[in-house]
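Taking it in order: structure first as structure tokens, then the write-up.
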Amino acid sequence: MSNDILIKARDLSVHYPLSGGGLFGPKPVVKATEGVNIDIEKGSFFGLVGESGSGKTTLGRALLKAAPITRGTIEYDDGEASYDVSKLNAAQLKDYRSRSQLIFQDPYAALSPRMTVRDIIAEPLEVMGLTSSREETDERVREIAAKCRLNLEHLRRFPHAFSGGQRQRISIARALVSRPQFVVADESVAALDVSIQADVLNLLKEIQQEMGVTFLFISHDLSVVAHVCDHIAVMYLGRLVETAPTRELFAAPRHPYTKALLSAIPSLDPDDRGKAQKLEGEIPSPTNPPPGCKFQTRCPNAIDKCRVDEPLLEHSSTGHEVACHRWQELMA
């Protein structure tokens with residue numbers, strides 16, 4: 001694996017079996033992610049976008065081995081250690097969890113109301129045994145609290161005394177106190193007001209630059225992702241349909257689904273309003289996806305080939321990848 005790549009996933013699939021089905025027939029399976037190939041560079045801010053139900057959260061949790069991996073490999077290499085995350089035993093997984101953390105979406109549900117902020121932030125250190133004394137633990141807690149704009153008085157309080165933005169900074173401090181190399185931020189600003197979103201995003205970007213942390217930032221909002229991410233992957237029905245550097249994706253999107261997402265970004269220009277591309281229908285069921293291209297049931301440009309052959313991600317020298325049979329024709 002390249003020295004610049006922190007996480008390299010190949011053919012990553014997460015399937016959830018359902019109850020029911022015929023007596024002798026196969027049981028239905030939810031294919032939350034299917035055949036995902038993704039490279040996340042060290043020190044990058046990698047964005048993952050798509051509609052609700054596209055498999056973004058499942059992919060993020062699979063990279064942390066917090067979701068059952070049905071098939072595929074996840075190679076992790078931080079320069080000190082290199083291993084396949086999908087094959088870790090309990091002891092190895094504990095070490096990996098100290099290197100990889102998760103910031104939850106809901107800052108209200110993610111924090112225990114019975115614990116002080118100090119105890120919430122210190123919990124990963126104590127559970128993983130990363131510090132040898134209470135004094136060392138307190139020092140680490142104060143250090144990361146300051147980075148997340150929390151003062152000493154905040155550490156004595158309980159979560160109910162804080163606003164949504166403050167609670168999310170507590171969640172960020174808890175995720176970073178173990179000094180991880182990789183953090184999954186799962187819709188971490190979706191529940192916040194717009195002005196607070198900007199403050200939290202700027203905080204995450206500052207931390208990424210100061211600590212060298214690699215972020216996987218999951219969101220359904222492309223305008224939010226554009227603010228902080230270096231590279232973006234677009235996901236649909238458990239599969240990646242396009243990945244590219246942020247500037248290139250916004251300047252020249254290639255997949256019809258990406259174009260539809262970009263057209264839905266609100267504009268302050270009155271002349272641009274009402275120009276969003278309308279996608280007919282809902283995302284197909286992940287238990288019974290359509291044959292061929294999974295987007296063909298909603299794509300205005302689908303042809304017979306799209307309904308039969310599933311497109312694979314085509315690579316380019318600029319790092320722009322797209323899974324569409326007609327992208328070159330549609331770009332002409």
Side-chain angles (χ1 to χ4, degrees), residues 7-40 46 48-76 83-97 100-106 109-110 182 184-188 190 216 218-220 233-243 257 279 281-299 306-313 323:
I7 289 185
K8 178 179 179 180
R10 289 295 178 266
D11 195 28
L12 182 59
S13 303
V14 177
H15 298 171
Y16 294 101
L18 301 176
S19 59
L23 183 61
F24 300 104
K27 290 187 177 182
V29 173
V30 174
K31 296 181 179 180
T33 71
E34 180 69 13
V36 172
N37 297 323
I38 193 170
D39 293 341
I40 301 177
F46 194 100
L48 182 63
V49 299
E51 295 170 292
S52 297
S54 60
K56 307 184 301 296
T57 294
T58 300
L59 176 58
R61 290 173 181 259
L63 294 177
L64 298 175
K65 208 186 178 186
I69 299 170
T70 305
R71 187 180 69 249
T73 61
I74 305 168
E75 190 175 350
Y76 176 90
Y83 38 75
D84 185 351
V85 174
S86 62
K87 298 178 180 178
L88 297 181
N89 58 36
Q92 294 169 328
L93 183 59
K94 182 178 180 181
D95 178 65
Y96 179 64
R97 290 277 164 79
S100 306
Q101 288 289 316
L102 173 66
I103 301 172
F104 294 94
Q105 174 179 351
D106 187 353
F182 178 54
V184 175
D186 185 9
E187 298 275 13
S188 55
L216 174 63
I218 300 172
S219 179
H220 63 275
V234 182
M235 200 166 187
Y236 183 81
L237 201 62
R239 292 163 174 80
L240 295 185
V241 297
E242 187 167 4
T243 72
Y257 179 60
L279 294 178
E282 299 290 332
I283 298 179
S285 170
T287 61
N288 186 28
C293 175
K294 306 311 173 190
F295 187 59
Q296 49 100 349
T297 59
R298 305 171 70 194
C299 180
C306 303
R307 300 181 179 93
V308 177
D309 298 330
E310 182 172 0
L312 302 177
L313 280 173

Test item: Tyr16 and Thr70 side chains (from C-beta on) under 4.5 Å apart, heavy atoms: no
Pairing of Arg298 and Glu51 as salt bridge, 4.0 angstrom limit: yes
Nearest-0.5 Å distance, NZ of residue Lys8 to CG of residue Leu63: 14.5 Å
Side chains of Phe104 and Asp186 in contact at under 4.5 Å (non-hydrogen atoms): no
Sub-4.5 Å side-chain heavy-atom contact between Pro291 and Gln296: yes
Atom pair CZ (Arg97) and CG (Asp95), whose distance is rounded to the nearest 0.5 Å: 11.5 Å
From Lys31 atom NZ to Ser13 atom OG, the distance as rounded to the nearest 0.5 Å: 8.5 Å
Closest non-hydrogen atom pair, Pro284 against Leu237: O-CD1, 3.2 Å
SB check Lys294 Glu34 (cutoff 4.0 Å): no
Beyond-backbone contact of Val184 with Arg61, side-chain heavy atoms, under 4.5 angstrom: no
Test item: side-chain donor near acceptor, Thr73 and Asp84, under 3.5 Å: no
Interatomic spacing from NZ in Lys56 to OG in Ser52 - rounded to 0.5 Å: 5.5 Å
Carboxylate-amine/guanidinium contact Asp39 Arg10, below 4.0 Å: yes
With Tyr83 via ring pair (Phe, Tyr, Trp, His ring centres under 6.0 Å) - residues at least two apart: Tyr76
Ile38 CD1 to Ile7 CD1 distance, which is reported to the nearest 0.5 Å: 9.0 Å
Test side chain to side chain contact (heavy atoms under 4.5 Å, CB included) applied to Leu18 and Thr287, step by step: CA-CA 9 Å; Leu18 301 176; Thr287 61; 3.6 Å; yes
Closest heavy-atom pair and its distance - Ala233, Thr243: CB-CG2, 3.6 Å
Nearest heavy-atom neighbours spanning Ile218 and Gly60: CD1-CA, 4.1 Å
Heavy-atom pair with the smallest gap, counting every atom of Val14 and Pro68: CG1-O, 3.1 Å
Heavy-atom closest pair, residues Asn37 and Asp11: OD1-N, 2.6 Å
